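We number each residue from 1, following the sequence as shown. As the structure is a computational prediction, the values presented were derived from the model and not from experiment.
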Amino acid sequence: MSHVIAVAGKGGVGKTTLCGLLIQYLCEQKKGPILAVDADANSNLNEVLGVEVEATLGDIREEIARAETAKENPIPAGVSKADYAEFKFNSALIEDDDFDMLVMGRTQGKGCYCFVNGLLQAQLAKLQNNYPYMVVDNEAGMEHISRGVLPSMQTAILVSDCSRRGIQAVGRIKKLIEECDMHPQQIGLIVNRAPSGILNEGTKEEIEIQGLNLLGVVPQDELVYEYDCEGRPTVELPEDSPVRKAMSEIVKKLNI
């Protein structure tokens, strides 16, 4: 059974970058194989990790949900919807040396996807047994976990920028976790892109007000911005990168 690590935070705070570096660290520490799940509707974890995506699970869900009303049914005659779904879900698994990856994507069509989501949930439950760790890059709302599509999490990592409003936003995510009775073993905060890696007193005060456990602070690093502009995977940052060094120290504090 995987130890599920869910990473969440509002858009634009560098959540996916840190999620990719977390996966990289676990792989380097021989904790793999890791199952990386991109559950953010704005999917780009693959770009951070440097892998190509051919199909998302959202694409497959929509194809299967609409199969019976399509002009040409994509499901071959004599093949059950469940068997076809399992084949397609397996084909969407991206395999790399130390990790595999699934991209949830988003469902665009109207109608009921409950049956297909149930098939997906069962498939992910089977996959979960094959990996020591599952790292999930979530939207702020963590929809796939709260709806039970993805397994319950053991560790929740909340990512914020160093603004007071950013801390308030992750405070609301923490409350959402509590309201949904997710009961992770640990919830921690990472503050990203702090100038010189230092928090001001107002931000520290807000962290205390929100009752957040600060795991660590990641400094602003122009090299991350340059890699992004050049389309280079963030995991190719040099080992002495301040961001990589900070994430290594942070992950060591987690009970995983």
Side-chain angles (χ1 to χ4, degrees), residues 1-8 15-16 18-41 43 45-46 48-49 51 53-61 64 80-107 113-139 141-159 173 176-177 180-188 251 254-256:
M1 186 71 72
S2 298
H3 182 108
V4 179
I5 305 170
V7 182
K15 166 182 59 69
T16 299
L18 299 191
C19 189
L21 294 176
L22 167 62
I23 294 167
Q24 180 185 46
Y25 176 84
L26 292 174
C27 291
E28 290 175 346
Q29 296 301 310
K30 309 300 181 185
K31 302 273 192 178
I34 312 297
L35 179 60
V37 180
D38 190 342
D40 193 333
S43 307
L45 180 60
N46 66 295
V48 171
L49 294 171
V51 295
V53 175
E54 294 185 3
T56 72
L57 300 184
D59 296 333
I60 297 168
R61 282 181 299 176
I64 295 171
S80 72
K81 189 183 291 188
D83 288 342
Y84 183 75
E86 182 170 359
F87 168 75
K88 293 291 285 187
F89 289 151
N90 283 332
S91 68
L93 185 67
I94 303 163
E95 298 180 342
D96 204 80
D97 293 337
D98 298 311
F99 68 89
D100 295 342
M101 182 177 181
L102 287 170
V103 178
M104 297 294 292
R106 66 190 309 169
T107 300
Y113 290 79
C114 297
F115 175 72
V116 185
N117 281 342
L119 295 176
L120 174 58
Q121 183 178 9
Q123 184 68 9
L124 288 170
K126 287 192 289 185
L127 282 174
Q128 186 186 14
N129 294 323
N130 301 331
Y131 301 90
Y133 293 92
M134 179 187 293
V135 180
V136 184
D137 183 14
N138 288 276
E139 294 181 290
M142 297 190 292
E143 175 182 359
H144 295 295
I145 287 179
S146 63
R147 291 188 177 183
V149 176
L150 289 166
S152 299
M153 59 184 161
Q154 284 72 52
T155 298
I157 299 177
L158 308 180
V159 181
I173 298 173
L176 173 67
I177 292 172
C180 291
D181 293 324
M182 296 180 190
H183 302 299
Q185 297 169 5
Q186 54 186 336
I187 302 176
V251 179
L254 294 171
N255 184 28
I256 58 175

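Put simply, the side chain of Gln186 never gets that close to the backbone of Leu254: no donor and acceptor are under 3.5 Å apart.
At a threshold of 4.5 Å between non-hydrogen side-chain atoms, the residues Val149 and Met104 count as touching. At a threshold of 4.5 Å between non-hydrogen side-chain atoms, the residues Gln128 and Leu35 do not count as touching. No side-chain heavy atom of Val4 sits under 4.5 Å from any side-chain heavy atom of Leu150. In this structure, the side chains of Val135 and Phe99 stay at 4.5 Å or more apart for every pair of heavy atoms. Between Ile256 and Lys31 there is no side-chain heavy-atom pair separated by less than 4.5 Å. The closest side-chain heavy-atom distance from Met153 to Val136 is not below 4.5 Å. Using a 4.5 Å heavy-atom threshold, the side chains of Leu127 and Asp100 count as separate. Considering only heavy atoms from C-beta on, Ile5 comes within 4.5 Å of Leu26 through its side chain.
Within 6.0 Å of the CG atom in Asn255, the count of heavy atoms belonging to other residues, nucleotides or ligands does not exceed 12.
Taking CG of Asp38 as the reference point, atom OG1 of Thr16 lies at 6.5 Å (rounded to 0.5 Å). The structure places NE2 of His183 at 13.0 Å from CD of Gln154, a figure rounded to the nearest 0.5 Å. Remark: Leu102 CG to Leu45 CG distance equals 11.0 Å, nearest 0.5 Å. In this structure, Asp96 CG and Cys27 SG are separated by 8.0 Å, a value rounded to the nearest 0.5 Å. Taking CG of Leu158 as the start and CG of Asn138 as the end, the distance is 10.0 Å to the nearest 0.5 Å. Atoms CG and OG, on Asn130 and Ser2 in that order, are 8.0 Å from each other to the nearest 0.5 Å.
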#### Entry: Criterion side-chain contact (heavy atoms from CB on, under 4.5 Å) on Asp137 and Val48, from CA distance to verdict
CA-CA 12 Å; Asp137 183 14; Val48 171; over 6 Å; no
side-chain contact (heavy atoms from CB on, under 4.5 Å) evaluation trace for Ile187 with Ile177: CA-CA 9 Å; Ile187 302 176; Ile177 292 172; 4.1 Å; yes
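Under the 3.5 Å distance criterion, with hydrogens and angles disregarded, a donor-acceptor pair is assigned to the side chains of His3 and Thr155. Under the 3.5 Å distance criterion, with hydrogens and angles disregarded, a donor-acceptor pair is assigned to the side chains of Gln123 and Asn90.
Among all heavy-atom pairs drawn from Ala92 and Ala55, the shortest one is CB-O, 4.0 Å. Taking each heavy atom of Ser146 and Cys180 in turn, the nearest pair found is CB-SG, 4.1 Å. For Asn46 against Met101, the heavy-atom pair with the smallest separation is N-CE, 3.3 Å. Between Pro33 and Pro132 the shortest heavy-atom distance is O-CD, 3.0 Å. Nearest heavy-atom pair across Ala36 and Leu49 is CB-CD1, 4.4 Å.
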